[in-house]
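Atoms considered below: every heavy atom in the structure, side chains included; atoms not considered: hydrogens, waters and symmetry mates. Everything quoted here is computed from the prediction, not taken from an experiment. The chains referred to below are lettered A, B, ... by the order of the sequence lines, with proteins before strands, and numbering in each begins at 1.
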Amino acid sequence: MFHLLEQRIQDAFHGRILAQFGIDLEVSTEQPRQSSLGELAVPAAFQLARQLKQPPKKIAAELIEGIGSIEGVAAMEVAGNGYINVRFARAGYAEGLVRPTPRGEGSATGRGIVDRIIVEHTNINPNKAAHIGHLRNAVLGDTLVRMLRAAGNRVEVQNYIDNTGVQVADVVVGFHFIEHKTPADVKRLIADPTVRFDYLCWDLYARTSAFYKDSPEAVGWRAETLHAVESGGGTLAELAHLVADAIVALHLKTMLRLGVEYDVLPRESEILHLKFWAAAFELLKERKAIYLETEGKNSGCWVMPPEAFAGDSGTEDSKVIVRSNGTVTYVGKDIAYQLWKFGLLGKDFYYRPMMRYPDGHELWVTTDEPQIANREVPAFGRGTRVFNVIDVRQSYLQDVVVAGLKALGAAEQAAQSVHFAYEMVALSPRCCIELGIELSDEDRQRPYVEVSGRKGLGVKADDLIDRLIDKALEEVAARHAEKSAEEQRKIASEIAIGALRYFLLKYTRNSVIAFDFQEALSFEGETGPYVQYAAVRARNILKKLEERGETLPDFTADLTRETLESALASEDFWQMLLAASKVDVALGRAVVSGEPAHLARYAFQLAQTFNNFYHQYHILTEENRERRVYLLWMTDFFRAQLIRTLGILGIQTPAYM
RNA sequence: GGGCGCGUAGCUCAGGUGGAUAGAGCAUCGGCCUUCUAAGCCGAGGGUCGCAGGUUCGAGUCCUGCCGCGCCUACCA
């Protein structure tokens with residue numbers, strides 16, 4: 001509704017300016033500083049003043065005069081030095097919300113719809129438990145997916161599994177060479193319900209990393225393991241499979257606690273076995289995107305020259321794609337994967353269904369064997385735009401990947417490759433002390449301390465979630481002692497996840513989160529539970545109404561134009577309605593700027609507005625019938641908008657709080 | 001050395017393409033539960049937007065320089 005009007009106003013000004021001054025000006029609109037100044041401000045007169053050499057105030061007055069009336073606009077006036085403030089026709093606006101026309105809602109966010117967007121996120125090495133840094137990635141990625149879908153795009157969610165990499169190899173080294181465990185031993189550990197296998201690997205990985213430091217000769221074990229994993233046979237390869245598969249299953253479980261689901265898991269083992277790299281290598285050689293270095297420190301390696309990507313990264317060294325021993329680096333494999341995402345590789349994976357989520361959605365995983373004749377396999381890949389959700393420290397590598405596409409002549413796909421970068425989650429010094437981590441004097445002075453999987457330094461995702469649930473449970477139990485323990489836990493879990501997702505989303509992407517338990521565990525103020533609480537309150541009012549044996553009025557019939565007219569004469573009601581009607585404005589802004597934090601902020605403001613409404617007006621005891629209908633409608637509208645916004649953020653609305 | 005990012009209230013952070021009186025939350029202090037749930041509401045104090053120049057009608061926002069902090073700059077991923 002808001003978008004529609006905004007567009008109409010922009011068009012009207014654009015047309016008038018063209019007719020009156022012969023200038024093709026792209027008319028922008030902004031929000032006036034104060035709500036009392038109107039709903040939209042048009043700064044066009046300032047832009048024209050320069051060209052026309054006339055005072056903006058004069059131009060503004062002429063424009064208003066010339067435009068006449070615009071449908072849905074009640075008044076326009078010159079303000080300040082030349083702003084044109086626009087006031088909406090309130091009742092008409094509200095009618096559009098009560099009786100939406102098909103083209104009314106959401107049409108403006110539908111402008112830039114892309115046929116197939118691929119979002120790759122999570123991408124955790126399957127060798128240890130997930131930590132908060134991984135959660136930021138997954139929550140950011142998942143929310144991006146929800147936002148894009150809410151804006152009308154078709155989105156495919158991929159979670160890349162590096163099941164043949166160094167990190168898995170290190171845990172295998174730990175099991176085999178350090179602990180002398182057989183595959184049968186490891187299988188028993190995985191099957192043992194009293195063992196948290198991902199936690200066990202977390203510690204083992206840290207121990208193995210420390211072991212390398214003290215005994216550098218042990219690094220040879222890693223090379224041996226990597227080689228075994230790549231050739232695919234023997235004890236070491238079997239261990240790698242066991243570890244990676246078990247950890248992937250646990251990661252999926254952890255992510256599902258947050259409501260994060262995927263469509264397909266492309267695995268590195270298939271990239272290897274199906275010779276994706278070989279195909280990409282041929283392409284890169286053919287187009288001379290890489291060359292065999294014959295001198296200097298990179299002699300014997302296939303490298304990409306710095307000119308290809310130096311524009312953004314500022315490095316002077318070429319980037320090694322194939323090592324002198326013939327093995328391919330991670331970036332090389334990433335180029336092959338990116339080519340596949342766009343359908344440019346000329347190869348595809350085979351797929352098998354991996355599991356079905358409780359909501360019925362099916363998750364697929366890649367395989368190297370053609371099979372399942374009886375199942376129709378969804379068409380994966382072949383995206384027109386690709387978002388890679390990866391932390392900002394890997395910008396350099398993402399630049400190289402994009403340079404690879406460009407060098408292969410895929411300029412369009414290079415332009416459609418988005419590195420959806422975000423800053424890391426670190427630990428506040430206070431948090432480290434709380435975790436019993438010893439800090440050097442130097443670290444103590446820093447604003448934050450980096451998480452390190454190698455050192456086993458970090459907050460495990462499941463630990464944090466458990467802690468949040470425990471805290472929420474205390475609150476729920478105190479308020480709803482009569483409910484069953486099982487039900488209390490369900491509610492507490494929804495609140496905990498709401499708190500966690502909101503906490504990770506409220507920071508803009510390029511802000512480092514210095515993790516702090518006190519802030520993450522807060523349920524008050526600008527938090528997920530605050531927004532959930534508002535939604536629950538709105539729903540409670542309507543529930544209470546039914547408990548009293550009444551039914552919700554038929555708003556489309558009862559809310560006549562006259563009713564709306566008189567209700568919205570109140571500035572208060574108008575401002576509240578306006579604020580509540582802007583979900584799609586906020587969504588559009590968040591999508592365009594790629595900033596989920598914008599939508600999170602809107603959710604908070606929406607909840608604030610509702611809490612004001614809730615506090616100021618007593619709905620069920622309102623005696624004036626007409627006014628009561630209006631209040632009920634506002635409540636219902638708030639409820640729907642709050643729940644919808646929370647939903648896009650991946651946050652559920654509990655049955656009660 | 002080079003590249004990227006950050007520096008805004010005591011703390012943590014917002015501040016579309018320059019625009020009207022720089023905003024939240026937390027913390028502090030003071031009010032509000034017989035009324036649809038106080039995980040809430042109302043109010044108060046708190047600012048040289050790192051520093052110095054520049055661009056212009058106008059700069060937290062753009063440009064230059066400087067200071068401080070972080071990340072990247074691997075034949076690791």
Novice: How is A/Leu545 classified with respect to the nucleic acid when contacts are heavy atoms under 4.0 Å: base, sugar-phosphate, or nothing?
Specialist: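 No contact.
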
Novice: Quick one: the dot-bracket string of RNA chain B, using Watson-Crick and G-U wobble pairs with both distances under 3.5 Å, [ ] for crossing pairs and | for bases paired to another strand.
Specialist: (((((((..((((.....[...)))).(((((.......))))).....(((((..]....))))))))))))....

Novice: Round to the nearest Å and state the distance from A/Arg601 atom CZ to B/U12 atom C1'.
Specialist: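 Taking atom C1' of B/U12 as the reference, CZ of A/Arg601 is at 11 Å.
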
Novice: Considering only atom C1', compute the distance from B/G60 to B/G16 and round it to an integer number of Å.
Specialist: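 Roughly 15 Å separates the two C1' atoms.
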
Novice: Picking from B/A77, B/U12, B/A20, which would you name as closest to the side chain of A/Asp162?
Specialist: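 Of all the options, the side chain of A/Asp162 is nearest to B/A77.
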
Novice: So if I take every side-chain heavy atom of A/Tyr614 and compare against B/G70, B/A38, B/A14, which nucleotide ends up nearest?
Specialist: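 So the nucleotide nearest the side chain must be B/A38.
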
Novice: Given B/C41, B/A77, B/A39, which nucleotide is nearest the side-chain atoms of A/Leu397?
Specialist: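 Of B/C41, B/A77, B/A39, B/A77 is nearest to the side chain of A/Leu397.
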
Novice: Just to verify, which of A/Tyr617, A/Phe613, A/Tyr614 counts as forming a ring pair (Phe, Tyr, Trp, His ring centres under 6.0 Å) with A/Phe638?
Specialist: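 Among A/Tyr617, A/Phe613, A/Tyr614, the one meeting ring pair (Phe, Tyr, Trp, His ring centres under 6.0 Å) with A/Phe638 is A/Phe613.
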
Novice: Does A/Lys483 qualify as a cation-pi partner of A/Tyr656, given the criterion of NZ or CZ under 6.0 Å from the six-membered ring centre and within 45 degrees of its axis?
Specialist: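 Yes, A/Lys483 lies over the aromatic ring of A/Tyr656.
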
Novice: Return the value, rounded to whole Å, for the distance between atom CD1 of A/Ile513 and atom C1' of B/G5.
Specialist: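 Whole-Å distance recorded here is 15 Å.
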
Novice: For nucleotides 25-29 of chain B, tabulate all protein N/O to nucleotide N/O atom pairs closer than 3.5 Å, reporting atom names and distance.
Specialist:
unit_1: B/G25; atom_1: OP1; unit_2: A/Gln608; atom_2: NE2; d: 3.3
unit_1: B/G25; atom_1: O2'; unit_2: A/Glu526; atom_2: N; d: 3.4

Novice: Of the candidate nucleotides B/C13, B/C75, B/U37, which contains the atom at the shortest distance from the side chain of A/Tyr507?
Specialist: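 Nearest nucleotide to the side chain: B/C13.
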
Novice: Do any side-chain nitrogens or oxygens of A/Arg446 fall under 4.0 Å of OP1 or OP2 in B/C69?
Specialist: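 No, outside the criterion.
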
Novice: Could you check whether A/Lys297 gets within reach of a base, just the sugar-phosphate, or nothing at all, counting any heavy atom under 4.0 Å?
Specialist: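 Base: the residue A/Lys297, judged by heavy atoms under 4.0 Å, touches a nucleobase.
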
Novice: With a 4.0 Å cut-off on heavy atoms, is A/Glu475 in touch with a base, just the backbone sugar-phosphate, or nothing at all?
Specialist: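 The residue A/Glu475 makes base contact.
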
Novice: With a 3.5 Å distance limit and no angle check, can you tell me whether A/Asn127 reaches the backbone of A/Val171 through a side-chain donor-acceptor pair?
Specialist: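 Not at all, since once roles are kept as given, no pair shorter than 3.5 Å links the two residues.
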
Novice: A/Phe420 ring centre to A/Arg509 NZ or CZ under 6.0 Å, with the angle to the axis within 45°?
Specialist: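 Cation-pi check for A/Arg509 and A/Phe420: passes.
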
Novice: Indicate syn or anti for B/G65, taking the glycosidic torsion and treating anything within 90° of 0 as syn.
Specialist: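 Base orientation relative to the sugar is anti.
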
Novice: Judged by each residue's nearest nucleotide on RNA chain B, which is more toward the 5′ side, A/Thr29 or A/Cys301?
Specialist: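 On the 5' side of the pair lies A/Thr29.
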
Novice: So, does A/Tyr533 get its side chain near the phosphate of B/A39, meaning an N or O under 4.0 Å from OP1 or OP2?
Specialist: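 A/Tyr533 to B/A39 OP1/OP2: side-chain N or O found under 4.0 Å.
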
Novice: Verify the contact: side-chain N or O of A/Tyr530 to OP1 or OP2 of B/C41, cut-off strictly under 4.0 Å; return yes or no.
Specialist: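 True: A/Tyr530 side-chain N/O within range (under 4.0 Å) of B/C41 OP1/OP2.
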
Novice: Looking at A/Asn611, I'd like to know whether one of its side-chain N or O atoms comes within less than 4.0 Å of OP1 or OP2 on B/G40.
Specialist: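 So the side chain of A/Asn611 is outside the cut-off, no N or O lying under 4.0 Å from OP1 or OP2 of B/G40.
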
Novice: On RNA chain B, check which nucleotide each of A/Asn125 and A/Ala472 is closest to and give me the residue with the more 5' one.
Specialist: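 Its nucleotide being nearer the 5' end, the pick is A/Ala472.
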
Novice: Quick check on A/Arg87: does its CZ atom have over 12 non-hydrogen neighbours (other residues, nucleotides or ligands) under 6.0 Å away?
Specialist: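 Correct, the count exceeds 12.
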
Novice: Within the modelled atom types, does a donor on one side and an acceptor on the other bring the side chain of A/Arg479 and the base of B/A39 under 3.5 Å apart?
Specialist: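 Answer is yes: a donor-acceptor pair is held.
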
Novice: May I ask you to verify whether the side chain of A/Ser324 and the base of B/C75 hold a donor-acceptor pair under 3.5 Å?
Specialist: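 Checked by distance alone, the answer is yes.
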
Novice: Could you go through A/Glu450 and A/Lys455, starting from their C-alpha distance and side-chain angles, then the distance that decides it, and tell me whether this counts as salt bridge (Lys or Arg N to Asp or Glu O under 4.0 Å)?
Specialist: CA-CA 11 Å; A/Glu450 204 171 334; A/Lys455 294 182 196 157; over 6 Å; no

Novice: What is the nucleic acid contact for A/Val531, judged by heavy atoms within less than 4.0 Å: base, sugar-phosphate only, or nothing?
Specialist: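 Since no nucleic acid heavy atom lies under 4.0 Å of A/Val531, the category is nothing.
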
Novice: Measuring only the P atom in each nucleotide, how far is B/C72 from B/G54? A whole number of Å is fine.
Specialist: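 B/C72 and B/G54 have their P atoms separated by 38 Å.
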
Novice: For atom P, what is the distance between B/U48 and B/A9, given to the nearest Å?
Specialist: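 Their P atoms lie roughly 8 Å apart.
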
Novice: Classify the ring geometry of A/Phe211 against A/Trp221: parallel below 30°, tilted from 30° to 60°, perpendicular beyond 60°.
Specialist: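 A/Phe211 vs A/Trp221 ring planes: parallel.
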
Novice: Please state how far atom CG in A/Asn85 lies from atom C1' in B/A20, giving the value in whole angstrom units.
Specialist: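 The answer, rounded to whole Å, is 9 Å.
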
Novice: In whole Å, I'd like the distance from the CZ atom of A/Phe515 to the C1' atom of B/U12.
Specialist: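 Computing the A/Phe515:CZ to B/U12:C1' distance gives 14 Å.
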
Novice: Check whether any side-chain heavy atom of A/Phe517 sits under 4.5 Å from a side-chain heavy atom of A/Val459, and report yes or no.
Specialist: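 A side-chain contact exists here, since the closest heavy-atom pair is under 4.5 Å.
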
Novice: What integer number of Å spans the C1' atoms of B/C67 and B/G50?
Specialist: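 After rounding to an integer number of Å, I get 8 Å for this pair.
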
Novice: Please report, rounded to the nearest Å, how far the C1' atom of B/C36 is from the CD atom of A/Glu623.
Specialist: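 Value for this atom pair: 15 Å.
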
Novice: Measure from NZ or CZ of A/Arg222 to the centre of the six-membered ring of A/Tyr212 and say whether it is under 6.0 Å with the direction within 45° of the ring axis.
Specialist: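 Yes.
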
Novice: If you look at every strand shown and take non-hydrogen atoms under 4.0 Å, does A/Val512 touch a base, only sugar-phosphate, or nothing?
Specialist: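 Touches sugar-phosphate only.
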
Novice: Under 4.0 Å, heavy atoms only, any strand: does A/Glu450 hit a base, just the sugar-phosphate, or nothing?
Specialist: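 Sugar-phosphate contact only.
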
Novice: Please measure how far the C1' atom in B/U8 lies from the corresponding atom in B/A22, and state the result in whole Å.
Specialist: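 Here B/U8 and B/A22 have their C1' atoms 8 Å from each other.
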
Novice: Taking the C1' atom of each, how far is B/G18 from B/C49, in whole Å?
Specialist: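 Those two atoms are separated by 15 Å.
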
Novice: With respect to the phosphate group of B/C6, does any side-chain polar atom (N or O) of A/Asn510 fall under 4.0 Å of OP1 or OP2?
Specialist: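 Checking A/Asn510 against B/C6: at least one side-chain N or O falls below 4.0 Å of OP1 or OP2.
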
Novice: A/Asp317 has an atom CG; how far is it from atom C1' of B/A74, in whole Å?
Specialist: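 Rounded to the whole Å, the gap is 10 Å.
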
Novice: Does A/Ser299 reach a base, just sugar-phosphate, or nothing at all? Heavy atoms under 4.0 Å.
Specialist: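 The residue A/Ser299 makes base contact.
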
Novice: Taking 5.5 Å and 30° as the limits, would you call A/His618 and the base of B/C36 a stacked pair?
Specialist: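 Check passed, A/His618 stacks on base of B/C36.
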
Novice: So is A/Arg454 actually on top of A/Tyr205's ring, under 6.0 Å and inside 45° of the axis?
Specialist: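 Relative to the ring axis of A/Tyr205, which defines the angle, A/Arg454 lies outside at least one limit.
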
Novice: Within 45° of the ring axis of A/Phe523 and under 6.0 Å from its six-membered ring centre, is that where the NZ or CZ of A/Lys471 lies?
Specialist: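 Yes, a cation-pi geometry.
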
Novice: Just wondering, are more than 12 heavy atoms of other shown residues or ligands nearer than 6.0 Å to CD in A/Gln518?
Specialist: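 No, CD of A/Gln518 has 12 or fewer neighbouring heavy atoms, counting only those of other groups under 6.0 Å.
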
Novice: Would a distance-only check, ignoring hydrogens and angles, find a side-chain to backbone donor-acceptor pair under 3.5 Å from A/Ser299 to A/Thr294?
Specialist: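 Yes, the answer is positive, given that a donor and an acceptor are paired below the 3.5 Å cut-off.
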
Novice: Rounded to the nearest Å, what distance is computed from the OH atom of residue A/Tyr502 to the P atom of nucleotide B/A39?
Specialist: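 Whole-Å distance recorded here is 19 Å.
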
Novice: Between B/G10 and B/U28, how many Å separate the two C1' atoms, rounded to a whole number?
Specialist: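 Those two atoms are separated by 9 Å.
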
Novice: Please pick, from B/A77, B/A38, B/C36, the nucleotide with the shortest atom-to-atom distance to any side-chain atom of A/Lys544.
Specialist: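 From the listed options, B/C36 comes nearest.
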
Novice: In whole Å, I'd like the distance from the CZ atom of A/Arg430 to the C1' atom of B/U12.
Specialist: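 For the pair A/Arg430 CZ and B/U12 C1', the rounded distance is 10 Å.
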
Novice: A/Ser28 side chain: which of B/A77, B/U17, B/A39 is closest?
Specialist: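 The nucleotide sitting nearest to the side chain is B/U17.
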
Novice: For a quick test of reading the model, state the closest non-hydrogen atom pair linking A/Cys201 to A/Ile247 and the distance between them.
Specialist: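 Here A/Cys201 and A/Ile247 meet closest at SG-CD1, 4.0 Å.
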
Novice: What does A/Phe613 touch in the nucleic acid at a heavy-atom separation under 4.0 angstrom: a base, only the sugar-phosphate, or nothing?
Specialist: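 A/Phe613: no heavy atom of the nucleic acid under 4.0 Å.
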
Novice: Any idea if B/C42 is syn or anti, going by the 90°-from-0 cut?
Specialist: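 For B/C42, whose glycosidic angle is more than 90° from 0, the conformation is anti.
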
Novice: Write down the distance separating the P atoms in B/G15 and B/C32, rounded off to the nearest Å.
Specialist: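 After rounding to an integer number of Å, I get 37 Å for this pair.
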
